[in-house]
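Here is how names work: the chains are called A, B, and so on, in the same order as the sequence lines, proteins then strands, and each is numbered from 1.
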Amino acid sequence: DTAVSQTPKYLVTQMGNDKSIKCEQNLGHDTMYWYKQDSKKFLKIMFSYNNKELIINETVPNRFSPKSPDKAHLNLHINSLELGDSAVYFCASSQESGSEQYFGPGTRLTVT
Amino acid sequence: AQRVTQPEKLLSVFKGAPVELKCNYSYSGSPELFWYVQYSRQRLQLLLRHISRESIKGFTADLNKGETSFHLKKPFAQEEDSAMYYCALVTGGFKTIFGAGTRLFVKA
């Protein structure tokens, strides 16, 4: 009965490839987020969507494109992967912007 | 600038000792502050928020607007408290800024 789920859990790919990470929440929340956690465990917000609309887009390269087909899903597509993209990516959701966030288990992306 | 500072990357204490994880923030508006915890091999989860003023797993945190701090405290640390702790600031209702995190290690 997972609240926020992400697939895949692990992703190993080569430089230059394009990959997607999927996120789904069954909490009925209006807001969803993507975070990047680097090797030093620093957690930084990348995007935030509210009711399928982009409300936060931090200084993330254009190679990263979020897509929200509906309120329950927020997918992350990454083009032309680079070594520096290796990290753990977390999806999260909240009832409304600014309230408690529920996190997914994370996707560990390794670019070789 | 909006910022959350957790000055300690690693905090190591003995079981039964008091623990304080520091968090300072920089924000001109009215802050909403949270502490999140990530246990080994588990997902990040909310520990407590300043508006609820409650104690969770023996932890408390008081917002001090004068010192712009939101330190997390527990009088007697337990081994199961070992985890990564993140202080988070929510600004303007939309943006969440996390601190760099403090790894707490409680020794037997």
Kindly indicate whether the side chain of [X], heavy atoms from C-beta on, has any atom under 4.5 Å from the side chain of [Y].
{"X": "B/Tyr86", "Y": "A/Gln37", "value": "yes"}
{"X": "B/Arg43", "Y": "A/Val4", "value": "yes"}
{"X": "A/Lys41", "Y": "B/Arg103", "value": "yes"}
{"X": "B/Thr96", "Y": "A/Gln101", "value": "yes"}

Requested in this report: Go through B/Met84, B/Arg49, B/Arg41 and name the one with the most non-hydrogen pairs under 4.5 angstrom from chain A.
Outcome: B/Arg49
Query raised in the report: Looking at B/Lys9, B/Gln45, B/Gln38, which one has more heavy-atom pairs under 4.5 Å with chain A than the rest?
Result: B/Gln38
Query raised in the report: Going by distance alone, is a donor N or O of one side chain under 3.5 Å from an acceptor N or O of the other, for B/Tyr36 and A/Glu100?
Result: no
In terms of heavy-atom contacts, does [atom1] of [X] have more than 12 from other residues, nucleotides or ligands at under 6.0 Å?
{"X": "A/Lys9", "atom1": "NZ", "value": "no"}
{"X": "A/Asp70", "atom1": "CG", "value": "yes"}
{"X": "B/Glu67", "atom1": "CD", "value": "no"}
{"X": "A/Gln14", "atom1": "CD", "value": "no"}
{"X": "B/Tyr39", "atom1": "OH", "value": "yes"}

Please say yes or no: joined through hydrophobic side-chain contacts below 4.5 Å, possibly via intermediate residues, are [X] and [Y] part of one cluster?
{"X": "A/Trp34", "Y": "A/Leu54", "value": "yes"}
{"X": "B/Leu47", "Y": "B/Leu63", "value": "yes"}
{"X": "A/Leu83", "Y": "A/Met46", "value": "yes"}

Query - Option among A/Tyr35, A/Phe90, A/Phe42 that satisfies the ring pair (Phe, Tyr, Trp, His ring centres under 6.0 Å) test with B/Phe98 - result: A/Tyr35
**Report entry** Gap separating the CG atom of B/Leu46 from the CZ atom of A/Phe103, nearest 0.5 angstrom
**Finding:** 9.5 Å
Report summary line: Cut-off 4.5 Å, heavy atoms of chain B, and the answer for A/Leu43 is both
**Report entry** Structural part of B/Gln42 lying under 4.5 Å from a heavy atom of chain A
**Finding:** neither
